[in-house]
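Have a look at the structure below before the remarks.
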Amino acid sequence: MSVLHHRSIITHSLLIPLLLLLVKSNLTKPVVAGLCVGVSIHLAADLLSPMKGFALIYLPAPIKSSIGAWQSFVWMGLNAVVGLYLADRFTTFHRLIVPSAYVCASLWYAFYNEQNIFVLVPTVIIFLVCFRNLIIRSSKL
């Protein structure tokens, strides 16, 4: 009997990357930023799953119950957007590092992991939500 379900609210959220912020090191924020980018992409891709059965977000033991279909969709969507936003805030050394990493990792995830270009739809939407100001500034140059 496992403590966590396949899509646990703990593993399918920003909780684990954000807990790493408790580690005091010069590398903590860049590592957490990278993990936030990865979690954001993964959760964005998971938004394409039909919200039933194993696709739902579950609470850990002893509850081990789903939070519901639309709640799972909202949970993953918000964590995906906030993850990308936080990744951008945690990296102050280069303005384009997070958007570039997000685009490259999204493409890799879509083509090599999922073998499905449709996975890019939610990642592009989340990218546009988080970086619309960067895109607008770039178009004015």
Side-chain angles (χ1 to χ4, degrees), residues 1-61 63-141:
M1 182 172 170
S2 66
V3 175
L4 299 177
H5 194 274
H6 166 72
R7 280 201 182 159
S8 168
I9 202 164
I10 294 170
T11 59
H12 278 66
S13 72
L14 297 169
L15 179 64
I16 294 172
L18 293 180
L19 281 176
L20 290 176
L21 289 173
L22 297 173
V23 176
K24 301 299 177 197
S25 167
N26 291 338
L27 294 176
T28 300
K29 285 188 177 180
V31 168
V32 170
L35 290 171
C36 285
V37 166
V39 167
S40 178
I41 293 167
H42 180 80
L43 293 178
D46 280 353
L47 289 172
L48 296 174
S49 300
M51 289 301 154
K52 59 184 178 182
F54 283 109
L56 298 172
I57 298 294
Y58 282 80
L59 298 169
I63 301 168
K64 293 185 86 172
S65 173
S66 164
I67 64 172
W70 71 267
Q71 295 91 336
S72 295
F73 187 78
V74 170
W75 177 260
M76 289 190 287
L78 285 176
N79 273 272
V81 170
V82 171
L84 187 55
Y85 174 81
L86 290 177
D88 189 48
R89 295 295 168 246
F90 290 150
T91 53
T92 56
F93 51 88
H94 194 282
R95 192 178 106 194
L96 297 177
I97 193 73
V98 170
S100 301
Y102 188 83
V103 168
C104 291
S106 294
L107 289 168
W108 180 87
Y109 190 82
F111 289 110
Y112 293 106
N113 190 56
E114 297 293 323
Q115 287 114 26
N116 183 352
I117 196 166
F118 191 62
V119 171
L120 293 175
V121 172
T123 59
V124 167
I125 291 169
I126 290 168
F127 181 86
L128 293 174
V129 166
C130 291
F131 294 113
R132 67 184 175 279
N133 292 336
L134 178 66
I135 295 166
I136 291 167
R137 280 192 306 254
S138 297
S139 67
K140 290 181 181 178
L141 294 178

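Just so it is clear, the structure is predicted and the values come from calculations on it, not from any experiment.
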According to salt bridge (charged side-chain N to carboxylate O under 4.0 Å, His left out), does anything in residues 28-47 pair up with another residue at least two apart or in another chain? List the pairs.
R7-D46

Quick check for you: to the nearest 0.5 Å, what is the distance between S106 atom OG and N113 atom CG?
12.0 Å

Could you tell me which non-hydrogen atom of F73 sits nearest to which non-hydrogen atom of L47, and how far apart they are?
O-CD2, 3.5 Å

Between A87 and C36 the two heavy atoms that sit nearest each other are CB-CB, 4.0 Å

Polar side-chain atom of S66 near backbone of G68 as donor-acceptor pair, under 3.5 Å
yes

So, for V32 and P17, which heavy atoms are closest and what is the spacing to 0.1 Å?
CG2-O, 3.4 Å

Determine, stepwise, if the pair I67 / Y58 fulfils side-chain contact (heavy atoms from CB on, under 4.5 Å).
CA-CA 6 Å; I67 64 172; Y58 282 80; over 6 Å; no

Can you name the residues that form a side-chain contact (heavy atoms from CB on, under 4.5 Å) with L19, not counting sequence neighbours?
L15, L22

First locate atom OG of S8, then atom CD1 of I57, and finally report the distance between them rounded to the nearest 0.5 Å.
8.0 Å

Measure the OG1-CG distance between T123 and L43 for me, rounded to the nearest 0.5 Å.
12.0 Å

Suppose we screen for side-chain contact (heavy atoms from CB on, under 4.5 Å). Which residues come up paired with A110, at least two apart in sequence or across chains?
V119, L120

Partners of Y112 by side-chain contact (heavy atoms from CB on, under 4.5 Å), sequence neighbours excluded?
W108

Verdict with supporting geometry, T28 and V31, side-chain contact (heavy atoms from CB on, under 4.5 Å):
CA-CA 5 Å; T28 300; V31 168; over 6 Å; no

Contact summary for F127 and L84, nearest pair of heavy atoms:
CA-CD2, 4.0 Å

Rounded to the nearest 0.5 Å, what separation is found between the OG atom of S13 and the CG atom of L78?
12.0 Å

Pairs touching residues 79-90 that satisfy side-chain hydrogen bond (donor to acceptor under 3.5 Å, both in side chains), sequence neighbours left out
Y85-R89

Quick one: list whatever passes side-chain contact (heavy atoms from CB on, under 4.5 Å) with I97, sequence neighbours left out.
T91, F93, H94

Of all heavy-atom pairs linking L14 and V82, the shortest is CD1-CG1, 3.7 Å

State, to 0.1 Å, how close P50 and A55 come at their nearest heavy-atom pair, and which atoms those are.
O-CB, 3.0 Å

What's the verdict on side-chain contact (heavy atoms from CB on, under 4.5 Å) for V98 and F131, showing C-alpha distance, side-chain angles and the deciding distance?
CA-CA 10 Å; V98 170; F131 294 113; 3.9 Å; yes

Residue set satisfying side chain to side chain donor-acceptor pair (under 3.5 Å) with E114, at least two apart, ordered chain then number -> Y109

Under the ring-ring contact (aromatic ring centres under 6.0 Å, His included) rule, what pairs show up with a residue in residues 20-54, not counting sequence neighbours?
H5-F54, H12-H42

Between the side chain of S40 and the main-chain N/O of G83, is any donor-acceptor distance below 3.5 Å?
no

Could you tell me whether the side chain of L48 reaches within less than 4.5 Å of the side chain of N116, counting heavy atoms only?
no

